[in-house]
Amino acid sequence: MKHVIEQLVLSALGKAKNNGDLEIVKEPEIVIEKPKDPKLGDFSTNLAMTLAKPERKNPKVIAEVICKYLKNGGGQVERVEMAGPGFINLKMTRSFFLSRLIQVAESGEDFGNSMVGRRQKVLVEYVSANPTGPLHVGHGRGAAVGNALCNILRKAGYDIKSEYYVNDVGNQMNILGRSTWLRYREILQKAVEFPKDHYQGDYIKDIAREIIDQHGDEFLGKSGDEALPFFREYAAKWVLDGIKTDLKEFRVEFDGWFSEKTLYEDDSVDNALGWLREKGFVYDKDGAVWLKSSAFQDEKDRVIVKQNGDRTYFCSDIAYHQNKIHRGNEKLIDLFGADHHGYVPRIQAVMEALGYNRDIFKALLVQFVSLKRGGEKVSMSTRSGEFVTLKELVDEVGVDAARYFFLSRSCDSHLDFDLELAKKETPENPVFYIQYAHARICNVFLTAQNKGIAVPAGSEVDLSPLVEDEEFALIKNILAFPEVVEKSALALEVHRISHYLHDLVAGFHSYYNRHRVVTENKSLTLARLFLLQCLRITIRNGLALMGISAPEKM
RNA sequence: GCCCCUGUAGCUCAGCAGGAUAGAGCAACGGAUUCCUAAUCCGUAGGUCACCCGUUCGAGUCGGGUCAGGGGCACCA
């Protein structure tokens with residue numbers, strides 16, 4: 001909608017230039033915003049103020065000139081005036097909004113789609129937790145944010161693929177295997193010493209028991225070397241399957257699961273390494289191989305092949321990010337837990353070393369989650385296996401509430417997750433507030449239906465009975481949805497959707513309490529039903545972006 | 001010591017590229033239900049935007065510094 005206003009202002013500017021009223025040496029950026037006070041108008045622009053310098057004129061004078069030309073701009077503008085230090089305020093006609101509302105119903109679930117993404121190919125990598133244990137709530141936040149981000153970017157016109165990078169090689173997999181092997185022996189009454197750096201969680205015992213159920217004690221006679229590969233593979237699959245199940249339960253699905261192992265198998269890692277060496281970005285020191293990342297703004301060089309010949313996690317990650325680009329992705333987005341922020345400059349350095357613009361890689365850091373029960377903090381130390389898993393959280397508060405809470409705060413903010421609040425089915429809980437609005441609308445439709453009144457189609461409805469201020473406030477808010485999606489996509493900020501929805505829905509609840517929809521006045525009823533239909537579409541689409549259900553009944 | 005995030009109402013957080021009188025929810029207080037779902041609504045109260053300096057017509061927003069909280073500085077991933 002703001003794009004339309006932009007065009008209007010732009011053409012007014014053009015006319016002013018043609019008539020010699022303004023110089024306009026350089027076409028300015030048009031910023032359209034909403035005035036704080038709706039009485040001032042529907043839109044405003046600070047254009048005159050930004051033009052003051054280049055035009056060498058008083059902003060107020062420029063504003064008056066632009067106003068003059070805006071007045072002649074079509075039948076859509078009802079009023080235009082200069083205000084304050086040089087703001088230009090526009091008030092649009094009713095028909096301007098109503099005709100756009102009709103389009104909302106026609107767009108249906110496509111309402112909110114835009115083309116800012118220009119079909120740009122973007123790969124979003126998220127979660128990517130090591131398959132050495134179940135996902136905990138921190139991963140849950142990353143999962144919710146990554147998933148919603150993909151939805152939003154897709155809606156904004158990007159060509160999105162999502163991926164989970166599975167670290168299925170390396171020492172931690174060996175430790176996982178050995179942990180399971182030791183628990184296996186322990187359960188079978190063998191004396192074992194369980195090392196501190198092994199995985200302590202109870203799930204390891206579950207895996208061991210499962211192996212005993214299926215294979216009995218047949219591995220007891222075997223040496224560690226013989227038995228460990230089996231335990232490693234078994235445990236890895238068990239854990240990864242669990243992660244997949246938990247994520248699916250959490251309504252998070254990926255376009256791909258990328259195995260780190262395959263990068264070694266098809267020599268991608270060696271090829272990347274060779275390529276970097278050829279370019280002179282790699283050198284040997286102290287028996288290890290180093291990447292000259294400091295040449296690309298990283299604070300120091302990084303080891304990519306250890307003294308013992310093992311390649312580091314970072315090493316295969318180089319190949320992985322190269323692989324992502326080779327697959328035709330124009331932009332890469334990685335979601336990291338905030339504890340990995342030190343890793344970001346490293347990947348950026350890799351981008352440059354590989355010959356790409358460092359800006360095609362964007363890391364999104366998701367800050368920590370702390371759980372609270374009532375006022376009490378729930379302790380969550382990863383060691384000793386004493387953490388709260390995503391599954392436990394979902395079992396306790398449900399998917400909708402969990403996702404909502406994860407998505408309602410800026411990623412930059414540490415998240416205080418109040419379990420008691422999330423569980424409440426009362427108005428204190430904002431998830432229900434939004435969902436309830438949807439259910440309420442559905443119920444109004446039901447009431448109408450029982451009286452033999454159907455929600456009218458856009459092509460046949462007469463919206464002229466809509467005259468209340470609250471109705472137009474609602475309509476304007478509905479029409480702002482595509483811009484919210486757009487901005488959310490451009491800024492990579494997921495939380496804007498939930499705030500928008502909450503605000504949108506508040507307007508509805510207020511309206512609902514003041515005005516009846518289904519009345520004896522047929523034409524008014526139809527017009528209001530249509531308005532609610534558009535509102536319902538907007539709520540549904542917004543909730544869909546967040547992966548939250550839109551119940552028809554509560 | 002260096003780096004990243006945060007600091008806005010009692011609590012949890014917004015504040016959209018610097019813009020008009022700083023917002024919402026919860027909690028508190030006072031009201032609303034013969035009426036489409038009260039999981040709702042209406043009203044009241046609540047602020048030195050951590051602090052200092054700077055940039056400019058204008059700073060919660062940008063820059064520098066100080067303080068406080070969280071996280072990170074591996075031949076772990």
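Lettering follows sequence order; numbering is per chain, from 1.
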Regarding A:Ala448, tell me which of base, sugar-phosphate or nothing describes its non-hydrogen contacts under 4.0 Å with the strands shown. nothing

Could you let me know what B:C29 is paired to, Watson-Crick or G-U wobble, both distances under 3.5 Å, or none if it's on its own? B:G43

No-H, no-angle donor-acceptor pair, A:His499 side chain to B:A24 base, under 3.5 Å: no

To check you understand the geometry: which heavy-atom pair defines the closest contact between A:His509 and A:Tyr433, and what is its length? NE2-O, 3.2 Å

Distance criterion of 3.5 Å, no angle test: do you see the side chain of A:Asn46 paired donor-to-acceptor with the base of B:G19? yes

Check whether the ring centres of A:Tyr320 and A:Tyr165 lie less than 6.0 Å apart, and answer yes or no. yes

Is the distance between the ring centroids of A:His139 and A:His136 less than 6.0 Å? yes

Quantified in whole Å, what is the C1' atom distance between nucleotide B:U12 and nucleotide B:G7? 14 Å

At under 4.0 Å between heavy atoms, what does A:Arg514 touch on the DNA or RNA strands: base, sugar-phosphate, or nothing? sugar-phosphate

Give A:Phe87 one of three labels, base, sugar-phosphate or nothing, depending on what nucleic acid heavy atoms sit under 4.0 Å from its own. base

When the C1' atoms of B:A24 and B:C49 are compared, how many Å lie between them, rounded to an integer? 16 Å

Provide the Watson-Crick or G-U wobble partner of B:C73, both distances under 3.5 Å; none if there is no partner. B:G1

Can you check whether any acceptor in the base of B:G72 is under 3.5 Å from a donor in the side chain of A:His341, or vice versa? no

On RNA chain B, nearest-nucleotide positions of A:Gln172 versus A:His502: which is more 5'? A:His502

If you measure from the P atom in B:G31 to the same atom in B:G70, how many Å do you get, rounded? 44 Å

With sugar-phosphate meaning primed atoms plus P, OP1 and OP2, does A:Phe314 contact a base, only sugar-phosphate, or nothing at under 4.0 Å between heavy atoms? nothing

Spacing between A:Asp416 atom CG and B:C11 atom P, to the nearest angstrom: 12 Å

Mind checking A:Lys553 for me? I need base, sugar-phosphate or nothing, with any heavy atom below 4.0 Å counting as a touch. base

Describe the nucleic acid contact of A:Phe445 in one word from base, sugar-phosphate, nothing, applying a heavy-atom distance below 4.0 Å. nothing

Test of ring centre spacing under 6.0 Å for A:Phe481 and A:Tyr500: yes

Considering only the C1' atoms, how many Å lie between B:G47 and B:G23, rounded to the nearest integer? 11 Å

For A:Phe336 and B:C4, give me the distance from atom CZ to atom P, rounded to whole Å. 17 Å

Using Watson-Crick geometry (N1-N3 plus N6-O4 or O6-N4) or G-U wobble (N1-O2, O6-N3), each under 3.5 Å, B:A22 is paired with none

Answer for the Watson-Crick or wobble partner of B:G60, both distances under 3.5 Å, is none

If you go through the side-chain atoms of A:Asn89, does one of them form a donor-acceptor pair with the base of B:A20 closer than 3.5 Å? yes

Hunt down the Watson-Crick or G-U wobble partner of B:C51, both distances under 3.5 Å, from any strand shown, or write none. B:G65

Trace of the salt bridge (Lys or Arg N to Asp or Glu O under 4.0 Å) decision for A:Asp168 with A:Arg232: CA-CA 10 Å; A:Asp168 50 6; A:Arg232 193 178 55 218; over 6 Å; no

For A:Asp286, which contact category applies under a 4.0 Å heavy-atom criterion: base, sugar-phosphate, or nothing? base

Pair partner, B:U34 [Watson-Crick or wobble, under 3.5 Å]: none

Just the rounded figure in Å: distance from P of B:G25 to CZ of A:Phe417. 21 Å

Determine, using ring centers only, whether A:Phe296 and A:Phe281 are less than 6.0 Å apart. yes

Reckon A:Glu299 touches a base, only the sugar-phosphate, or nothing at all at heavy-atom distances under 4.0 Å? sugar-phosphate

Can you name the closest pair of heavy atoms from A:Gly138 and A:Val369 and give their distance? CA-CG2, 4.3 Å

In whole Å, what is the span from the CG atom of A:Asp301 to the P atom of B:C75? 11 Å

Need one value for A:Asp298: base, sugar-phosphate or nothing, where a base atom within 4.0 Å counts as base even if backbone is also close, heavy atoms only. nothing

Quick one: label A:His515 by what it contacts on the DNA or RNA (base, sugar-phosphate, nothing), any heavy atom closer than 4.0 Å. base

P-based separation of B:G46 from B:A9 [nearest Å]: 14 Å

Inter-nucleotide P distance (B:A20, B:A59), Å rounded: 11 Å

When we call it a touch if two heavy atoms are under 4.0 Å apart, what does A:His509 touch: a base, just sugar-phosphate, or nothing? sugar-phosphate

Contact nearer the 5' end of RNA chain B, comparing A:Lys487 with A:Arg409: A:Arg409

Check every strand shown and say whether A:Ser44 touches a base, only sugar-phosphate, or nothing at a heavy-atom separation below 4.0 Å. base

